[in-house]
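Side chains included, hydrogens not; waters and symmetry mates left out as well; all remaining heavy atoms used. Keep in mind that this is a model prediction, so the values were computed, not measured.
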Amino acid sequence: MAKRFGRIKKNNPSKSVNIREIRFIKHIHFIGICGVGMGALAVLWKKKGWKVTGSDVGFYPPISTHLKNHGIEYYAGWHPDKMGQPDLVVVGNVAGSENPEWQFVRTEKIPYVSYPELIAQNLIKENSIVCAGTYGKTSTTALLAWILKNAKFNPTYMFGGLSLNLDMSADDPENSQWSIMVGDEYKTSRWDKRAKFFFYKPTHLLLTAVNWDHADIYKTEEEYLNAFRELVKMIPQNGLMVACTDNDNVNGIISYLLSPIGRDMRYEIKDTTKIISYGKNSDADYRYSEVKQTKTDLSFKIMLRDTCYVINAPIIGDYMAENICGIFALACQIGVAPESIIKSLLEFKGLKRRLEKRGELNGADVYDDIAHSPLKAKYVLEALRNIYHTTPSPLLHKEGATPRLIAIFEPNTGNRQREAVPAYANAFAAADEVIIPRLTAIKTRVGEPKSLEGEQLAEIISKTHTNVKYLGNDEELVNYLKQKTRASDAVVFCGSHGFRGMIEKIISLRPPLRP
């Protein structure tokens with residue numbers, strides 16, 4: 001049995017520690033606290049009564065505002081002298097080998113964990129729902145948490161985003177028997193290259209889609225697919241997998257799970273994991289159809305055998321119909337009444353930075369979305385084009401203007417690698433204009449290939465798009481939008497970073513008065 005002890009002495013060996021071994025932790029410090037997952041956990045540990053501090057290279061809304069509202073102490077930059085005397089440090093992926101705070105942790109032999117380890121040791125319950133996939137995992141986790149909370153399942157949950165319904169992005173209520181976690185395939189930490197979702201031991205898996213992503217971690221598509229194959233192998237014999245069979249790679253993973261290699265020959269044929277399918281295809285167990293989207297609402301139908309359920313939600317993004325269908329299927333399978341699910345959907349307001357309307361510029365709607373890959377941007381742009389090109393505003397007819405969709409795009413680190421270049425072909429076809437801003441600086445080790453810069457990315461996208469600009473000066477980009485945007489347009493910022501306050505600068509501009 002593991003030895004239990006009080007406050008850690010600084011001369012103990014520095015190690016990735018099991019937090020259950022520490023009885024009287026009072027101070028946790030998060031290196032990289034402004035990450036959406038790290039910020040969620042920081043707020044939860046504050047609720048648990050611990051002193052919580054954190055640092056990051058920079059702080060941007062909405063996470064910085066969320067931390068401030070919950071009384072979290074944080075500072076910009078890496079300053080060991082400001083860390084105080086933490087009993088445990090949670091080390092984010094932002095901490096490179098030369099990070100002064102990370103070096104201080106090891107020198108001073110302070111116990112540390114990655115945030116997936118923190119979750120695994122404290123939040124995973126006997127019924128462990130993991131929402132995984134290339135896209136849709138955060139939205140599905142947040143919505144499932146909302147549905148199960150309303151259905152009195154008393155769920156523990158964590159997702160990397162800010163829900164407009166739930167005050168916290170992570171919670172761990174007493175006597176919880178269900179956990180719902182966002183299953184991220186990105187690496188766990190600097191010292192552990194495994195995907196984060198391996199720590200969450202799913203008994204129930206929602207698999208949305210699998211399309212090669214994070215080329216900085218998975219150098220080939222096969223490496224990426226293998227991570228998901230290993231994930232589905234973790235589901236127990238009496239577990240549940242709910243999967244979108246509109247996705248070819250998901251179908252391949254299901255076939256793998258059912259094969260002798262994937263199933264493990266110890267399993268009897270009659271006792272395999274239960275697999276429920278969803279999607280548009282006619283063979284799916286839960287089929288959705290008749291999707292209708294306006295600027296404020298989404299509606300569609302779900303068929304389960306001969307029963308039809310009418311779904312309405314006050315959100316935008318027609319791709320959310322697919323996500324909601326999967327959520328509906330999983331919730332029904334674990335015993336939530338369809339009527340309860342439908343009622344919760346009617347009340348669901350969405351997440352910040354998921355096609356979030358931030359305001360207006362010259363009468364045009366301005367949106368913010370975390371879509372940081374070409375595939376995610378593609379779905380966001382198609383959703384907006386379907387709204388603005390099929391249901392234009394009355395101003396369109398009054399002014400005789402054609403609506404335009406203007407996209408400002410910054411990819412994440414993985415989608416700035418050369419391996420990701422093929423994914424950009426035709427990804428921005430739904431946009432009338434694409435603008436690449438100055439990209440966030442990325443440190444590379446000696447001998448590693450350099451990441452794509454803004455001018456290079458603009459050139460790559462321009463191979464399949466006729467209207468692409470690189471505007472490397474923020475003020476120039478803001479002024480360009482001020483001058484060119486019309487009332488019939490829509491502007492969307494897509495990327496995981498905060499765009500250095502550009503959104504706030506343009507939405508503060510009031511549209512001109514009209515006679």
Salt bridge present between [X] and [Y] (N-O < 4.0 angstrom):
X	Y	result
Glu410	Arg438	no
Arg229	Glu222	yes
Lys196	Asp184	yes
Lys378	Glu382	yes
Lys137	Glu185	yes
Lys233	Glu230	yes
Asp216	Arg416	no
Lys280	Glu322	no

Check: [X] side chain, [Y] main-chain N or O, donor-acceptor pair, under 3.5 Å:
X	Y	result
Ser496	Asn412	no
Asn165	Glu347	yes
Tyr288	Gly326	no
Arg190	Asn93	yes
Trp78	Ala95	no
Asn312	Leu346	no
Asn362	Lys482	yes
Asp489	Arg486	yes
Asp365	Ala490	no
His465	Ala431	yes

Rounded to the nearest 0.5 Å, what separation is found between the [atom1] atom of [X] and the [atom2] atom of [Y]?
X	Y	atom1	atom2	value
Arg354	Ile370	CZ	CD1	4.5 Å
Asn426	Ile461	CG	CD1	11.5 Å
Leu452	Thr413	CG	OG1	11.5 Å
Asp285	Leu304	CG	CG	7.5 Å
Tyr379	Tyr319	OH	OH	11.5 Å
Glu356	Asp369	CD	CG	9.5 Å

If I compare all heavy atoms of [X] with all of [Y], which pair ends up nearest, and what's the gap?
X	Y	value
Val210	Leu225	CG1-CD2, 3.5 Å
Phe499	Cys494	CZ-O, 3.3 Å
Leu381	Ala427	CD1-O, 4.4 Å
Ala329	Tyr286	CB-CD1, 3.4 Å
Ala209	Asn247	CB-ND2, 3.6 Å
Ala132	Leu205	CB-CD1, 4.0 Å

Student check: side-chain heavy atoms of [X] and [Y] closer than 4.5 Å:
X	Y	result
Ser169	Met158	no
Ser114	Asp192	no
Met303	Cys308	yes
Val242	Ile327	no
Leu41	Val90	no
Val91	Ser189	no
Phe328	Ile342	yes
Met320	Ser139	yes

Are there over 12 heavy-atom neighbours, none belonging to [X], within less than 6.0 Å of that residue's [atom1]?
X	atom1	answer
Lys349	NZ	no
Lys68	NZ	no
Glu223	CD	yes

Lys193 vs Ile217, side-chain contact (heavy atoms from CB on, under 4.5 Å): CA-CA, chis, key distance, verdict: CA-CA 8 Å; Lys193 305 303 182 185; Ile217 304 298; 6.0 Å; no

Option passing side chain to side chain contact (heavy atoms under 4.5 Å, CB included) with Met241 (candidates Leu206, Ile276, Val232): Val232

Identified side chain to side chain contact (heavy atoms under 4.5 Å, CB included) counterpart of Thr134 within the set Val250, Asn211, Thr208: Asn211

Are [X] and [Y] linked by a side-chain donor-acceptor pair shorter than 3.5 Å?
X	Y	answer
Asn251	Asp248	no
Ser277	Asp283	no
Tyr224	Asn249	no

Check against salt bridge (charged side-chain N to carboxylate O under 4.0 Å, His left out), Arg385 and Asp432: CA-CA 9 Å; Arg385 190 171 188 87; Asp432 295 287; 3.3 Å; yes

Val366 vs Leu481, side-chain contact (heavy atoms from CB on, under 4.5 Å): CA-CA, chis, key distance, verdict: CA-CA 11 Å; Val366 177; Leu481 292 174; over 6 Å; no

side-chain contact (heavy atoms from CB on, under 4.5 Å) between Met234 and Phe197, worked out: CA-CA 10 Å; Met234 296 177 71; Phe197 53 41; over 6 Å; no

Salt bridge (Lys or Arg N to Asp or Glu O under 4.0 Å) partner of Asp368, chosen from Lys352, Arg353, Lys357: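 The passing option is Arg353.
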
Derivation of the side-chain contact (heavy atoms from CB on, under 4.5 Å) call for Phe428 and Val468: CA-CA 10 Å; Phe428 294 83; Val468 183; over 6 Å; no

Ring geometry between Tyr424 and Phe409 (parallel below 30°, tilted from 30 to 60°, perpendicular above 60°):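 If you compare the ring of Phe409 with that of Tyr424, the planes turn out perpendicular.
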
